[in-house]
Structure formats: structure tokens, C-alpha cells
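Values reported hereafter were calculated over all heavy atoms of this structure, with side chains retained and with hydrogens, waters and symmetry mates removed.
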Amino acid sequence: MEKEKRKLVLIVLLVLSAVAGLSRQAPCPELPSETYEVIALNAGQDLRSLRFSFPLDPLLAEGDKVYFLIERKYLGAIQEAGYTFSIETGRFDRKNEKNLRWQADGQGGLNGAYHSYLELSAELKSLASTYPALARLYIPGKSLENRNIYALKISDRPGLSEDEPGIALLGAHHAREWISVEVPLLIGRYLLENYDREARVKDLVNSAEIWIVPLVNPDGLEYSILNYRLWRKNRRLNPDGSFGVDLNRNYSYQWAYDDLGSSPEPSAAVFRGTGPFSEPETEAIRNLFQNHRISAAISYHSFSQLILYPWGYLDQPTEDETLLQSLASEMARLISQVNGRTYQTGRASASLYLTNGDFADWAYGFFRIPAFTIELPPVDLIQGGFLNSESDIELIFRENLPAALYLIEQTVASYARSGVGPALFLKREFEKDRESVVKSRPGAVFKGKESR
Amino acid sequence: MRKLPVKSLLFIIIYLINISAVLAQTGPGQYTEEAPLGSWNILGPGTAASLGSGFCRLARPGTLGAAYSNPSLLTFLPPVALSLSCSFNQTQLFSYWLVNTGVIATSGNLTQRSWQLDHIGLSFRTGGWTIGLGAALTENYGRPGLEYRYVYNQEVYNQLQIWQTGYLSSWAITLARKLGQKISIGLSLVQERGSIERSLDEFWMQEQIQLLDYRYQKIRGFMALAGMSYEVNDRLLLGLSFSPPSYRKSQGDSSLSYLTPLEEIRIQGKSSDRIKRPPVVGMGGRLVIRPGLEIFLDAIYFGWKQYSFFYFGEEQPRNFRNILTLAAGLEYLGKFRFLGRNWSSPYFLGLAIDPQPDRDPGSTYYYLTFGSGFGNASWRLSFSTALGLESGSGHKLKRQKISVTLDFYPRVKRLAAEK
């Protein structure tokens with residue numbers, strides 16, 4: 001019942017978002033916060049009628065509440081129309097978000113300048129409310145412990161599903177890789193903050209839908225902060241009493257291909273789960289990919305300084321090895337240009353180790369999109385391993401930014417070349433337990449592959 | 001009057017058997033580091049008399065520990081009273097911190113043992129007022145320390161050590177007064193001071209890498225407790241107790257370090273946090289069946305849904321439910337002559353049900369308590385034990401507490417219990 005209610009709210013939100021996007025003539029990057037309020041309404045109210053009566057901008061659905069941005073002058077009229085709402089501007093206020101950041105940065109919580117789940121939530125909400133015309137926050141799923149898995153969509157009409165390629169930047173499949181939360185988050189923030197300042201950023205945001213999913217494994221991250229810094233998996237209580245499934249071995253493509261690239265042992269660090277997508281966190285990512293036209297993806301990890309591409313499950317080249325290698329090499333070159341740091345490139349199985357059921361194999365295997373795993377610095381355990389100093393966050397983000405922009409650019413260019421119109425979009429069918437791509441993915445760099 | 005304390009000897013024998021046989025005890029809700037050992041539901045220190053009779057204390061005169069549960073009962077004490085209590089505790093735990101939550105697995109429950117001075121108190125009467133002063137160790141946050149070693153090719157490859165200690169002491173000042181013949185009221189103001197300290201050190205010998213995670217929290221709090229007792233008639237006494245929600249403040253310092261021959265990464269933090277404690281309402285009764293034989297009943301409500309816990313700047317989710325604890329106890333006071341003097345010897349028996357606030361896992365501790373003692377008009381020594389068995393978590397956790405209390409009644413001719 002609760003699930004259905006949530007679904008309904010999401011559907012209403014999507015519809016409202018689409019209407020809001022259609023009705024907007026020109027993007028408005030920043031709205032003067034003095035004249036706007038964020039209000040929260042109970043999802044049980046007739047939000048559809050409300051949306052048609054007032055210029056509401058849906059921001060977020062969370063629990064049984066839906067948050068909207070609205071000009072202050074309409075508040076009285078909404079109240080008169082019989083709606084009850086609470087003003088939640090403070091919750092999304094940039095000032096509040098700064099306080100949280102300050103607490104983490106200046107006072108130094110347990111995680112220092114790194115984001116905890118709550119700090120990340122506040123930051124993403126703040127970005128969505130500060131840039132309502134460019135960003136919208138979605139929740140494609142929840143974790144085992146009921147935390148939201150956030151996806152911040154950045155585009156010129158974020159409420160609309162436009163004829164544009166999607167690029168997903170994912171972080172923190174693995175709990176201990178704190179830096180992998182920061183890089184996609186900072187890339188998202190950079191795109192929003194520089195939309196009006198940099199023509200290149202504006203062009204990319206206008207012609208693509210960029211999905212920032214900085215924290216795939218929120219439960220694991222919290223455990224890593226509160227209990228054990230080197231925790232890797234999610235927080236599944238396994239039948240044998242051990243904890244955790246390795247989310248980056250839980251995707252369906254070649255899941256459990258062998259016991260080298262993942263483990264059937266629940267207590268193992270690379271336990272693949274009891275079945276493909278057995279974990280709600282990976283299911284959330286599947287939802288995101290099923291419901292949006294993602295055409296390229298990077299999954300950030302640490303450590304090793306590597307740019308990896310499929311296959312991970314098998315030491316064999318994909319049919320697109322040349323292209324994948326060329327994209328990876330260019331990304332590595334761009335990274336190196338920033339500060340001279342070298343990222344090695346290569347096929348995942350050959351460059352690191354065998355992995356089956358991982359995100360990149362799934363994204364490429366099923367959707368035929370370029371999907372990369374970027375292992376962020378440092379290069380080895382002696383130089384920090386899974387830990388990076390707080391001062392490294394900015395450096396690592398800066399060096400990865402050009403590579404991410406390059407991939408977005410290439411995806412947009414490829415999409416434009418493919419010449420596929422909106423009518424042919426999303427000709428894919430998904431079954432409950434397995435995906436099957438019935439048509440090539442428009443906008444992907446690769447063309448004409450059937451699903452396996 | 002009997003000549004020999006036969007029952008006392010019997011109890012002592014049972015004690016000796018019991019101490020050697022039971023080596024593990026309760027560990028409620030130990031998934032969080034702020035959980036007190038033994039039980040979340042704490043209303044002051046346990047003294048031997050109340051512990052032995054099922055933890056009943058709300059309508060149980062004669063103990064200075066009442067300053068922390070129903071301060072009005074201090075009016076029933078002799079004009080001057082002194083009390084000293086200490087205990088031996090064995091608390092069993094299964095999951096806490098990183099033990100049995102995914103990092104370190106144990107083959108069974110672990111036991112935390114401690115000796116502690118539970119309570120020291122003084123009360124005296126001046127005019128119509130009874131004034132009480134007390135210091136108590138009310139909460140213990142210790143956890144069994146562990147060391148794990150991974151040996152490969154006869155060499156230690158990885159070593160992990162963890163430990164956690166901590167306590168909360170409560171300093172009370174009490175004012176109590178009789179209002180007429182039947183009603184007494186009392187108020188205690190309690191200052192709380194304590195700390196939690198925990199450390200994790202991990203070493204990778206081959207690579208010469210160390211991971212050090214250290215946290216220290218200094219806790220300060222204040223709470224008020226009001227109590228009332230009403231003597232319905234010569235046989236029935238009712239006691240009421242109320243403590244509104246209170247706050248504790250915690251100043252935290254943390255240091256996470258990763259040290260290698262090439263790198264030194266440190267994340268250091270400070271925090272100022274707040275812990276909201278639940279309101280507590282209790283009601284108890286004492287019924288005198290016949291001279292020397294009394295029964296006690298207590299019901300205490302803890303509003304745990306109001307509990308909130310901030311930890312290093314962030315509120316931590318605690319899925320708590322409100323709790324009602326129930327206790328029933330019995331005391332029989334035997335009398336005998338020994339060395340030409342009159343002595344009394346109480347015998348305690350009790351049962352208690354102590355559900356824990358955590359919903360997941362929902363668990364309840366069932367206690368059997370018993371005890372005894374002896375004394376004369378000037379002093380009394382009591383000793384009791386509580387045996388607890390947990391149900392609900394699937395781990396059958398056990399707890400044992402042995403409490404010894406020495407009460408002095410200077411210049412008092414008759415024992416308080418011989419009213």
C-alpha cells in the first residue's frame with residue numbers, strides 16, 4: 001500500500017515536472033530566493049489540481065510529503081483553496097546547507113570534509129532548490145535501511161524528458177571509497193554553478209541530461225563513518241550471520257559468471273548476493289537506467305588511478321574495445337594535463353582483476369553504452385589506499401572534471417550524429433527479473449547491438 | 001526470635017554456587033555505543049534491598065538509593081542515615097560496534113565484567129525536612145575489548161584491537177518532607193557527569209600501515225526527579241515518581257589516522273551534541289501482609305519515543321518504542337538473637353520484566369532476584385543478586401548483578417524496618 005502510494009506520488013511528480021517544464025519558455029538558472037518559498041504538502045491532497053491552479057515547481061517527493069517551489073505571493077491563495085502546507089524553505093536553504101558543511105569542514109565531524117548521508121542529502125536538496133531551472137532531485141530507490149538513493153538530474157529543462165542523451169555519474173558503490181562520493185557531487189555542483197559563466201558548460205547542460213548519483217551505498221557509508229572506516233559492502237544481514245553484499249557484483253550482466261570475479265560466500269568482501277539485483281541499491285540504479293535514456297556512464301571508485309572499461313567478467317575484448325580504449329585514453333590524457341597525475345587505462349579484467357556482476361559490464365552489456373570504472377587516487381595502499389586527505393578532495397575533483405566533461409561532450413556529439421528523433425526513443429522492454437534491450441540505444445556511441 | 005541465621009547461611013551457599021555457575025549476563029540493545037550495560041531502563045542505582053526484591057523501589061522505604069527513584073521515601077529513614085553500595089556485574093553482549101556486525105565475528109556471546117561502587121549516600125533530618133546527598137554510578141558504557149590477528153605463513157599479517165570504556169555518575173541533592181501523617185513529597189536535582197572513550201587500532205605488518213580511530217566524549221547532564229508517597233493505611237503505601245525529559249550535552253573529539261611510511265592522513269573532529277532523555281513516570285506499592293512480610297509492586301513507564309541522540313553533529317536514527325517495566329518483590333524479615341544482641345535478617349525475592357526500547361531487535365529481559373542480609377539497630381548489611389535472561393534477540397543474553405549494601409543508622413535504637 002505504502003509502495004503504491006509512493007509510486008503514485010512519483011508519477012504525479014513526473015507529470016507535474018513535465019508540465020512545469022513544458023510551460024516554461026526560457027530557462028531561469030537562478031531565482032531570487034527572497035520572493036520564493038519551498039512548501040511541503042501531504043501527498044494525499046489533490047496535487048494535480050493544485051498544480052494546474054498555481055505555478056508550482058515540484059522539487060522532491062520524500063515519504064508522504066511533496067516539496068514545491070513557489071512564489072511567495074501565491075501562498076495565501078493556496079491556503080484559501082483549502083490546501084494545508086508547511087513552509088520548508090529553511091530546510092533547503094543554502095545557508096542551512098552551509099552550516100552543515102561548516103560543521104563537517106570546520107568543526108570536523110567524524111568524516112571531516114567528506115559528506116555523510118545527511119550532509120549529502122542537504123547539499124543535493126540545496127542544489128535542487130538553488131537551481132530549480134537546471135536541477136531536479138529524484139529518488140530512484142531506497143537502501144535496505146530506508147535511506148534515499150538520490151539522483152540529481154542536471155539539464156536545461158530538468159522536469160522534462162527531452163530528446164537528449166543522459167550521462168550518469170555514480171559514486172560510492174563501495175562504502176569505504178569516500179572520495180567517490182565527492183567527485184560526482186562536485187562535478188554536478190560545478191555544472192550548476194558555471195552554467196551562466198562557461199559557454200561549454202551551458203552547451204553541455206542544454207544538450208544533455210546529466211544524472212549525478214553520488215551515493216549508491218548510503219547504509220554502508222554510514223557504517224564506514226560510524227563504525228569501521230574500511231567497510232565495503234552494503235548492510236544486508238546474510239543468512240549465515242555475516243553482513244553485506246558487494247553492490248558492484250550484484251548487477252545482472254554475467255552475474256555469478258564464475259567464483260573468481262565474485263564470491264558466493266556471504267562473508268566474502270566480494271559476495272555477489274543471492275541473485276542479480278537482490279539489493280535495493282542496485283535495483284535503484286536499474287530503475288534509473290530503465291526509466292531514463294542514459295547513454296554513457298562513469299562509476300567512480302578508489303583506489304589505483306585507473307580508467308577501466310568492459311569486460312570485467314572475462315579477459316576478452318568487447319566489440320567496441322578500440323573505441324572504449326580511445327575514450328579512456330583521452331580521459332586519462334585530460335586528467336594528466338591538469339596536474340600530471342597518471343591514470344592507467346585498460347580492460348577491467350586485465351588491468352585490475354576479474355569482476356562479474358559489476359556496474360560497467362551491466363551498463364555496457366545490456367545498454368551498449370560506454371561505461372567506465374574510474375579508480376580514483378591514490379595509486380596504492382602505501383599512499384593512502386581508501387583514504388584521501390581532506391585537502392585532496394578538491395584536487396581529485398579538478399583533475400577528473402575535464403575527463404567527465406569530455407565524455408559528456410562525446411556522448412552529445414554521438415547522439416547528434418545518430419540522428420534519432422524522440423519518437424524512436426526508449427524502444428526497450430524490461431522484464432521483471434531481467435532486462436532485454438530490443439533496440440540499440442540512441443545516442444550511445446555504439447550502434448546496432450542486440451542484448452545478450 | 002531464633003537463635004541461628006539458618007536462612008542467611010542457606011542464601012550464602014546459594015550465592016557461592018551461583019557465582020561459579022553463571023558467567024554471562026544481559027546485554028540489551030548494545031548495537032549502539034551509548035547504550036548502558038545491562039538495560040536502557042535505568043532509574044538510579046540499584047541497592048541490595050531493591051535489587052533483591054525485583055528492583056522494586058518506588059514504595060520501598062529504608063534505602064538511600066530512593067533519592068534517585070522516589071525522593072519522598074527519604075522521609076521514612078532514621079534522622080541520620082549513611083549508605084554504601086557496590087556491585088559485581090556480568091553482562092553478556094552479542095552485537096556491538098564492529099563485533100558481529102560484519103567486521104569481527106565471534107562464535108558466541110561476549111561478557112563484560114566489572115566491579116563498581118554503585119552508590120554512596122547520606123541523609124539527615126532537620127526541622128521537618130529531610131536532606132539527602134548522594135553520588136552514584138548509574139550507567140556503564142564499557143564493552144568487551146577484542147584483539148584479532150590474521151596470521152599467514154606463520155606471520156601476523158593484520159592485527160586489530162578495539163576497546164571502549166565509559167561511565168555516567170550522578171550527583172544528587174534531595175529535599176523531602178512529610179505533609180501531614182500520610183503524605184510525603186520529595187525532589188531530587190541530579191547532576192550527571194561522564195565520558196565514553198573508544199579506540200580502534202589496526203595494523204598491517206608487512207606494509208607498515210596503521211589505521212587508528214579514536215573517539216572521546218565528555219558527557220554533562222542535569223535532571224530533576226519528583227516523588228510522592230501516600231500511606232493509605234498501616235498496611236498499604238503507594239509511591240509515585242516523575243522525571244520530565246532531560247538533556248545531556250556531549251563534547252566530542254575524534255581522530256582518524258592512516259599512517260604509512262609515505263603518508264600521514266588525519267581527519268580530526270570536534271562536536272557539541274545533545275541527547276534528549278525520555279520522561280519517566282513510575283508508580284509502586286508496598287503491602288504489609290503481616291508484620292515482617294511485605295510485598296512490593298512497581299510499574300515504570302519510560303517514554304523512549306522522545307529519545308534523540310546526536311553524535312558528532314548528526315542525529316542518529318533510534319527506532320525506539322515506549323516501555324513499561326514491571327517488577328514484583330517480597331521481603332521477609334526474620335529476627336534472632338546472637339552474641340546477646342537482637343538481630344534482624346531480611347530475605348528478598350523478586351521478579352522483573354524489563355523490555356528494551358529498541359524495536360529491532362525487540363527484546364525483553366526476565367529477572368529472578370533474591371538476597372538476604374543481617375544487621376542490628378545501628379547497621380545493616382544486605383546482599384542480593386539478579387539473574388536476567390533475555391528473549392527476543394535470538395542470542396539468549398544473560399546478565400548477573402550481585403549487589404552489596406551497607407547501611408548505617410547512627411544513634412538509632414531500632415531498625416527502620418521494625419517500625
Nearest 0.5 Å, what's the [atom1]-[atom2] distance between [X] and [Y]?
X	Y	atom1	atom2	result
A/Glu145	B/Asp360	CD	CG	9.5 Å
B/Thr101	A/Tyr228	OG1	OH	11.0 Å
A/Ile225	B/Glu314	CD1	CD	7.0 Å
B/Ile265	A/Asn388	CD1	CG	6.0 Å
B/Leu262	A/Leu381	CG	CG	11.5 Å

message: If you count heavy atoms of other groups shown closer than 6.0 angstrom to CZ of B/Arg359, is the number above 12?
response: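 It does: B/Arg359 CZ has more than 12 such atoms within range.
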Which bit of [X] comes within less than 4.5 Å of chain B, counting heavy atoms only: side chain, backbone, both or neither?
X	result
A/Leu230	side chain
A/Arg236	neither
A/Ser242	neither
A/Glu222	side chain
A/Asn238	neither

Could you check if a side-chain atom of [X] sits within less than 4.5 angstrom of a side-chain atom of [Y], using non-hydrogen atoms only?
X	Y	result
A/Tyr114	B/Ile267	yes
A/Asn111	B/Phe312	no
B/Arg215	A/Leu110	yes
A/Gln383	B/Thr260	no

message: Please evaluate residues B/Leu211 and A/Phe386 with respect to the criterion side chain to side chain contact (heavy atoms under 4.5 Å, CB included), reporting the C-alpha separation (whole Å), side-chain torsions for both, the decisive distance (0.1 Å), and the verdict.
response: CA-CA 11 Å; B/Leu211 178 71; A/Phe386 297 105; over 6 Å; no
task: Evaluate the side chain to side chain contact (heavy atoms under 4.5 Å, CB included) criterion for residues A/Leu387 and B/Glu263: first the C-alpha distance (whole Å), next the side-chain angles of each, then the deciding distance (0.1 Å), finally the verdict.
output: CA-CA 10 Å; A/Leu387 282 83; B/Glu263 264 308 329; over 6 Å; no
